[in-house]
Amino acid sequence: MTGDYTDIRALFSEPEAYADKEIKLNGWIRQIRDQKKFCFIQLNDGSYFTSLQIVAEREFLDNYEEISALGVGSAIRVKGIFVLTPENRQPFELKAREIRVEGECPPDYPLQPKRHSPEFLRSIAYLRPRTNLFSAVFRVRSEASFAIHKFFHDRDFVYVHTPIITSSDAEGAGEMFHVTTVDPDAPPKDASGKTDYKKDFFGKKTYLSVSGQLNAEAFAQAFGKVYTFGPTFRAEHSNTARHAAEFWMIEPEIAFADLGDIMDLSEAMLKYVISYVLEHCSAEMEFFNRFVDKGLLARLENIVASDFKRMSYTEAVAHLEKADVKFKYPVYWGAELQTEHERYLTEKVVGGPLFVTDYPKDFKSFYMRLNEDGKTVAAVDCLVPGVGEIIGGSQREERPDYLMRMMEEKGIKKEGYEWYLALRQYGSTKHAGYGLGFERLIMYMTGVKNIRDVLPFPRTTGSAAF
RNA sequence: GCCUUGAUAGCUCAGUCGGCAGAGCAUGCGGCUGUUAACCGCAGUGUCACAGGUUCGAGCCCUGUUCAAGGCGCCA
C-alpha cells in the first residue's frame, strides 16, 4: 500500500474484504484485449505474481479512446469497483471508473505477451523482472534470502559482515580480482622495476574476497555461532551454467562443533528455506512446476520429508567402481570426484541430496582438519541432483602444529595468515562451518538451469552488462 | 582456458544444388457485447552478427573476429 493505493497482493489474499468497494491501483499493463465497447487489461503492480483483470468500459471512461490504444508495458493509475466474479475464469476483477496514464509504452517495447527465450531476456536484463519467469525467480530469491536470515536468527546465530576487500591472496578458492588505485598506464616502480604496491591505496596488494570464512572463524571464537551472507568474487574463467564471477554465499561457522553438527545444521537449513519458499511463494512455485520443471514440487516436498543420505568418500568411490557405467574420468581412491561421478551418486545411487564426507587431504583446503587415518580430512560436500555441489564445508583444523604442517604441505606462506594462526593459540576450540552457494540453492528451488537467470544482473567471464 | 553447435524481420525459426528474402507470432489499421498468451480481415517490417576472400553471382563455400548456447575443467 502506497498512500491510498491498494496492492494487488492484498486483493488476492482477502478478496471478500474488498468486494464491491471502490479502490485505487497502480500498475503496468501486461496485456490489453480491445473490443468495441470495452477492453480487458491485465494489470500487474509487482506486489503479486498474478495480474488483475481490469474492465475498462467506454460508457464509464471519458478517455476510453486513449486507454484502449495503450500498449503493453504502459503504466497506469486506476480507480474502480472491485467485483467478485466466481462464475468466471478469474475469481474477481476491477470495473474501472477512472484511468489515468502515468507513462505510455511505445510499440517497440521488447516484451510482448508471448514466450521469449531466457537468452533474449538476458540481453534486456533491465526489463526482464517484468516477465512472469523473472518476477517469480526474483521474488523467490528475496523470500529465500529472508528465510536464511530468519533460520539463523531463530537459532541465536550472530550475523557478521566480513570484509569484501581482503589482503589474503591464497585462500584456496581460486583466482581473485585485484583491487587497486594504481594507474595501470603509469604504475609506481620499486628498485627491481616491478609495480610497487607499497604505494597502493592499502600499502599492499588487495583483492575482492572469495570467502568470508577465515574472518567468520574469528567471530565464531567469540560469539560461538555466527554466519555471513554476502557477495563473493571469483575471477575464474569458468564458463558454465553454474558459475558466476559475483555471487552470494552463506557461511555459518560454529565453535565446539564437528562435521556431524554442520551436516545436521545444513540439512535443517535447506529444509527450512525450501519449506518457507513453498509456503510464501506458492503462486511462483506453481508457475515453475508448470512451465520450467514439471517434477519440481514433488521433488522439493520429498526433500523436506526425507533424510539426506550420508556416505564417506571411500564408500562413494566403492559405489563408482562397481557402477556399470563407463566414466570419462577413471575412478580410484585418491581421484577427485568429477561432475559425472557426482551426478551418478546423487541421481542414480541415492536419488536425492547426498553428503559425501572425509575426502583425501591432497585436493582439499589447508584449513580442513586432518582425520585419525592421516590420509583424509573432515570435509563434506552436499550434492543435489541437477545442480551438483550446493554446499561445501569442513571441520577446521584447530591444532596449531597440524595447521602449520598442512600449510607447508600446500605451499601456503604464513604472511597474511599470522592472525589466523594466532586464533589457534588463544583458547582454540574444535569448530566447523560450511559455505552455501545462494544462487545454486535458488536454481535448485526454481528449476532454472542457468545461474545467469537467478542473478538480477549477472557478472560472468566476458560479460558485465547493465 | 578447451571441445561442439549456432547468429536471417521486434520474437521464434525455415531458407532445397550458390541464382528474386520467407512463415508463424508480435506490431499498425479496420471489425467484433465478456475476453482471458481471444477471434476475423488487411498492411508494414531485413546492414542475412562483423571484417575479408572465392565466384558472373554468396544468407549458403573459405578465413578471421565478436557474441550466445550446450558440454568439460576449476568451484559454490
Side-chain angles (χ1 to χ4, degrees), chain A residues 30-43 50-59 68-69 71-73 83 85 87-91 93 95 105-124 127 131-132 171-175 210-213 231-251 266 291 327-329 336-340 342-343 363-365 381-384 387-393 434-444 449-455 460-463 465:
Chain A
R30 283 285 182 88
Q31 195 194 41
I32 180 162
R33 294 180 295 275
D34 175 32
Q35 302 202 26
K36 189 167 188 161
K37 295 182 180 169
F38 47 84
C39 63
F40 299 100
I41 295 169
Q42 295 304 127
L43 191 75
T50 310
S51 298
L52 177 72
Q53 173 160 292
I54 310 290
V55 187
E57 292 157 287
R58 191 182 290 273
E59 61 177 307
S68 64
V72 169
V83 197
T85 55
E87 70 282 3
N88 289 342
R89 200 159 125 189
Q90 70 290 338
E93 62 188 19
K95 303 266 192 200
C105 193
D108 62 358
Y109 184 56
L111 297 177
Q112 294 302 331
K114 67 181 292 258
R115 191 192 162 276
H116 296 287
S117 67
E119 293 80 27
F120 167 67
L121 294 170
R122 214 175 285 156
S123 74
I124 49 168
L127 295 175
T131 65
N132 284 334
E171 288 169 31
E175 294 296 307
V210 295
S211 162
Q213 179 200 315
T232 46
F233 307 88
R234 306 265 169 104
E236 282 156 9
H237 293 284
S238 299
N239 195 6
T240 81
R242 302 180 301 282
H243 291 83
E246 178 180 308
F247 65 99
W248 284 58
M249 239 190 342
I250 294 108
E251 296 178 288
S266 59
F291 295 107
F327 293 116
K328 189 177 163 196
Y329 292 86
E336 296 206 39
L337 297 184
Q338 305 295 332
T339 302
E340 57 175 346
E342 294 180 347
R343 291 192 61 157
F363 52 78
K364 286 293 179 180
S365 295
D381 283 354
C382 181
L383 311 175
V384 295
V387 175
E389 185 183 342
I390 196 168
I391 287 173
Y434 62 86
L436 165 74
F438 186 54
E439 283 74 18
R440 290 190 179 174
L441 175 61
I442 304 299
M443 290 166 74
Y444 188 58
K449 295 290 185 289
N450 197 310
I451 198 167
R452 294 165 179 83
D453 297 331
V454 300
L455 280 154
T460 54
T461 173
S463 173

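Keep in mind that the numbers below use all heavy atoms, side chains included, and drop hydrogens, waters and symmetry copies. Below, chain A is the first sequence line, B the second, and so on; all start at residue 1.
The base of B/rG71 lies outside donor-acceptor range of the side chain of A/K449, with no N or O pair under 3.5 Å. Donor-acceptor pairing under 3.5 Å, judged by distance alone, is absent between the side chain of A/K36 and the base of B/rU33. With hydrogens and angles left out, the side chain of A/E93 and the base of B/rG34 share a donor-acceptor pair within 3.5 Å. Scanning atom types as modelled, no donor and acceptor separated by under 3.5 angstrom connect the side chain of A/E57 and the base of B/rU33. The base of B/rU35 has none of its N or O atoms less than 3.5 Å from a complementary donor or acceptor on the side chain of A/Q35. Between the side chain of A/Q31 and the base of B/rU36, no donor-acceptor pair under 3.5 Å is found. Judged by distance alone with a 3.5 Å cut-off, a donor-acceptor contact links the side chain of A/H243 to the base of B/rC74. For A/S238 against B/rC75, a side-chain-to-base donor-acceptor contact under 3.5 Å is absent.
As the counterpart of B/rG64, B/rC50 is assigned, both hydrogen-bonding distances of the Watson-Crick or G-U wobble pattern falling under 3.5 Å. Across all strands shown, B/rC20 has no partner, as no Watson-Crick or G-U wobble contact with both distances under 3.5 Å is found.
For the OP1/OP2 pair of B/rU35 and a distance below 4.0 Å, the side-chain nitrogens and oxygens of A/Q42 include no atom meeting the criterion. In this structure, A/R33 does not reach the B/rU36 phosphate: none of its side-chain N or O atoms is under 4.0 Å from OP1 or OP2.
For A/S238 (side chain) and A/A244 (main-chain N/O), no donor-acceptor pair under 3.5 Å exists by modelled atom type.
Checking A/Q31 against A/Q42 by side-chain atom types alone, no donor-acceptor pair falls below 3.5 Å. A/N132 and A/R30 are linked by a side-chain donor-acceptor pair at a separation below 3.5 angstrom, with hydrogens and angles left out of the test. A/Q35 and A/R33 share no donor-acceptor pair across their side chains, judged by distance under 3.5 Å alone.
In this structure, of B/rC74, B/rU33, B/rA37, it is B/rU33 that holds the atom nearest to the side chain of A/F38.
Residues A/R115 and A/G462 each lie close to RNA chain B; by heavy-atom proximity, the contact nearer the 5' end of the strand is made by A/R115.
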